[in-house]
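Everything numeric here is computed off the predicted structure, so don't read it as measured data. Chain letters run A, B, ... following the sequence lines, proteins first and then strands; every chain starts at 1.
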There are 2 protein chains.
Amino acid sequence: MISETSLIDDAVGAFSTLPGIGKKSALRLVLHMLEQPPEYTDNFTQTLADLRAKIHPCKRCGNYTELEICHICSNLHRSEKLICVVESIRDLLAIEQTGHYRGTYHVLGGLISPLEGRGPGDLRIAHLLDRARTPETEELVMALSPTIEGDATTYYIAKQLSGADVKITQISRGVSFGGELEYTDELTLSRSIEGRISYTAYHQSTPDR
Amino acid sequence: MISETSLIDDAVGAFSTLPGIGKKSALRLVLHMLEQPPEYTDNFTQTLADLRAKIHPCKRCGNYTELEICHICSNLHRSEKLICVVESIRDLLAIEQTGHYRGTYHVLGGLISPLEGRGPGDLRIAHLLDRARTPETEELVMALSPTIEGDATTYYIAKQLSGADVKITQISRGVSFGGELEYTDELTLSRSIEGRISYTAYHQSTPDR
């Protein structure tokens, strides 16, 4: 109990359920809110209520949207031939931030994880397979985390599509750009040597598509 | 624009008006909110709306309360003889956190600052003078920041009460407990030498009252 005033404690509690906000920061936010005119809190809560009421997943790719189909899927300049498969909308936003990817997406909503009891049926995989089997789709770019779960998910999807006329690629793995070789972990370093690529081929390829 | 979805951008904007929350953290909070069931956002906004509607300053000391008089002023175990004068409720909470102060408070709501055009009339000073002049009050502990504004405010209040039967004290200033002398700023260090206190007297005093 920080204030002995239950309403303040409740508000501190509400803010501290948010990621990265501890009790101390939460109290700071609550006091800030109390120092502003009441309209500030009205606008704040109304904005969040609107957000939650009107935002839902895009029927095609799973990205957040206010419409039926999100702005990426409905953008005629984005190629439907290329589908980038990601675990979450956070990952989608991270790729969008690069500003280099011009295809569309498919958000799985998680990774296959037998340990956590999450199978293919719990993810948006069936819908991805449908999309991948349409004649428009030429390539799935698997952009999943380089973990056991990520690899298992990629493996499962690739296996399901083994007979289909669709190319399956995976984002490249290796040392980070600008990273110091000395501080790269051993696994990444040894894999990046195993998976070395032709210098000439790399510099002739077009990373932006 | 982070998401090209105006509702998400609005919510990111709302969170980033809070102190210490940048656009990136705000997006993280918004995505977290969207990942929870709608009831999460309902509870969150309701808690904040309740807070803002029901919390107001205590009529006596200026602390936040849901009642007319706050839990500190109405606590019979807190001495009304001693009033600790603070700039803000944040400072009051900081002193309460120590768990050692057993008197009451008076929140000024700011400091006198001619530069920022804030005079005694803009603060809860007249009310403090009334409280100080009642026979119950024996001592005002001035716990204001050791700045020009803090000192000016203490000076103004002390001057107004020059004829009154009330003792005016000021929290001690000097090197921090556990702080390294080497890293203490020159002003604090030189003042702490000027204002040195008798070792025997200090160790016989009772800091907890």
Side-chain angles (χ1 to χ4, degrees), chain A residues 2-15 17-21 24-25 27-58 63-67 70-72 75 88-90 92-93 96-97 109, chain B residues 2-15 17-21 24-25 27-58 63-67 70-72 75 88-90 92-93 96-97 109:
Chain A
I2 286 172
S3 61
E4 301 192 32
T5 308
S6 61
L7 286 171
I8 292 184
D9 285 333
D10 289 350
V12 168
F15 271 117
T17 61
L18 294 173
I21 297 188
K24 219 161 177 174
S25 319
L27 179 62
R28 198 164 150 225
L29 302 183
V30 168
L31 294 178
H32 174 81
M33 201 152 254
L34 286 169
E35 284 161 6
Q36 309 305 311
E39 295 74 36
Y40 178 87
T41 305
D42 294 348
N43 291 337
F44 188 85
T45 55
Q46 191 55 54
T47 304
L48 295 186
D50 279 355
L51 171 85
R52 200 61 189 86
K54 293 179 192 159
I55 291 285
H56 47 250
C58 166
N63 185 17
Y64 286 130
T65 181
E66 310 164 42
L67 310 167
C70 79
H71 68 282
I72 297 174
N75 184 338
S88 67
I89 295 174
R90 285 158 209 264
L92 182 158
L93 292 174
E96 280 300 283
Q97 288 281 310
Chain B
I2 288 173
S3 61
E4 301 192 29
T5 307
S6 62
L7 286 171
I8 292 184
D9 286 334
D10 289 351
V12 168
F15 271 117
T17 62
L18 294 173
I21 297 188
K24 219 161 176 175
S25 319
L27 179 62
R28 199 164 148 225
L29 302 183
V30 167
L31 293 178
H32 173 81
M33 200 152 255
L34 286 169
E35 283 160 7
Q36 309 305 313
E39 296 74 35
Y40 177 88
T41 305
D42 294 348
N43 291 337
F44 188 86
T45 56
Q46 192 55 52
T47 304
L48 295 186
D50 279 355
L51 171 86
R52 201 61 190 85
K54 293 179 192 159
I55 291 285
H56 47 251
C58 166
N63 185 16
Y64 286 130
T65 180
E66 309 163 43
L67 311 166
C70 79
H71 69 282
I72 296 175
N75 183 339
S88 67
I89 295 175
R90 284 159 209 264
L92 182 157
L93 292 174
E96 280 300 283
Q97 288 281 310

Report which part of [X] has an atom under 4.5 Å of a heavy atom belonging to chain A: side chain, backbone, both, or neither.
X	result
B:P37	backbone
B:I21	side chain
B:Y40	side chain
B:S25	neither

*asked:* Between A:D50 and A:Q46, is there a side-chain donor-acceptor contact under 3.5 Å, judged purely by atom types and distance?
replied: yes
_Distance alone, cut at 3.5 Å: any donor-acceptor contact between the side chains of A:E66 and B:S6?_
yes
*What is the ring orientation for B:F44 with B:F15, classed by angle as parallel under 30°, tilted 30 to 60°, or perpendicular over 60°?*
tilted
*In terms of heavy-atom pairs under 4.5 Å with chain A, which of B:I89, B:I72, B:L48, B:V30 leads?*
B:L48
*Which residue out of B:T47, B:L51, B:L34, B:L31 racks up the most heavy-atom pairs below 4.5 Å with chain A?*
B:L34
*In terms of heavy-atom proximity below 4.5 Å to chain B, should A:E35 be classed as side chain, backbone, both, or neither?*
both
*More than 12 foreign heavy atoms under 6.0 Å from CZ of A:R90: is that the case here?*
yes
*Is the backbone N or O of B:L67 less than 3.5 Å from a side-chain atom of B:H56, with the two atoms forming a donor-acceptor pair by type?*
yes
*Identify whether the distance between the nearest side-chain nitrogen and carboxylate oxygen of B:R52 and A:E39 falls below 4.0 Å.*
no
